[in-house]
**Student:** 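Dropping the structure in here first, questions after.
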Amino acid sequence: MAEDPATVTAVTVTPCEDGPLLVRGPFALMTQDGRRIDPGRATVALCRCGRSSTKPFCDGSHKAAGFRATSEPDPPG
């Protein structure tokens with residue numbers, strides 16, 4: 001049975017300033033070889049600084065590492 005489009009929530013990915021990517025909505029997180037990663041919750045924070053000990057999830061290491069990034073895209077180069 002197909003889902004009613006009016007009840008399906010879109011997935012959003014929000015880059016947080018100086019922090020992780022927040023993923024909200026119905027998503028599937030997969031390894032590159034196609035195995036599902038159980039996120040354990042409906043909203044996850046994904047590491048973008050590379051320092052997390054729980055990759056792909058954020059553990060807050062960006063703070064100690066001094067990671068800096070805006071929430072805006074980089075300007076075209």
Side-chain angles (χ1 to χ4, degrees):
M1 179 175 204
E3 291 184 332
D4 178 359
T7 63
V8 176
T9 304
V11 175
T12 61
V13 180
T14 306
C16 296
E17 185 172 347
D18 302 335
L21 298 171
L22 292 183
V23 182
R24 295 181 179 99
F27 64 91
L29 190 57
M30 312 293 285
T31 66
Q32 68 181 18
D33 61 352
R35 288 180 291 121
R36 186 176 289 269
I37 298 170
D38 180 9
R41 58 187 65 103
T43 299
V44 297
L46 298 178
C47 176
R48 65 177 179 150
C49 77
R51 300 288 180 116
S52 176
S53 63
T54 59
K55 290 181 199 82
F57 305 105
C58 175
D59 68 359
S61 294
H62 58 273
K63 294 174 190 169
F67 178 72
R68 296 287 176 251
T70 70
S71 65
E72 301 293 322
D74 287 341

**Student:** Could you list who else is in F67's hydrophobic cluster, with ILVMFWY side chains joined at under 4.5 Å, directly or through other members?
**Tutor:**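 For F67, no cluster forms, as it stays isolated from other hydrophobic side chains.
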
**Student:** When rounded to the nearest 0.5 angstrom, what distance separates SG in C49 from NZ in K63?
**Tutor:** 11.5 Å

**Student:** Quick check: does any side chain N or O of K55 sit under 3.5 Å from a backbone N or O of S52, one acting as donor and the other as acceptor?
**Tutor:**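 A pair under 3.5 Å: yes.
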
**Student:** According to the salt bridge (charged side-chain N to carboxylate O under 4.0 Å, His left out) rule, which pairs have a member within residues 40-52, sequence neighbours left out?
**Tutor:**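 Qualifying pairs: none.
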
**Student:** Apply salt bridge (charged side-chain N to carboxylate O under 4.0 Å, His left out) to D33 and list each qualifying residue two or more places apart in sequence or on a separate chain.
**Tutor:**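 For D33, the residues satisfying salt bridge (charged side-chain N to carboxylate O under 4.0 Å, His left out) (neighbours in sequence not counted) are R35.
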
**Student:** Sequence neighbours excluded and cut-off under 3.5 Å, please list the side-chain donor-acceptor pairs for residues 13-30, or say none.
**Tutor:**
| residue | atom | partner | partner atom | Å |
| --- | --- | --- | --- | --- |
| D18 | OD1 | A69 | N | 3.0 |

**Student:** Among all residues two or more places apart in sequence or in another chain, which pass the salt bridge (charged side-chain N to carboxylate O under 4.0 Å, His left out) test with D59?
**Tutor:** none

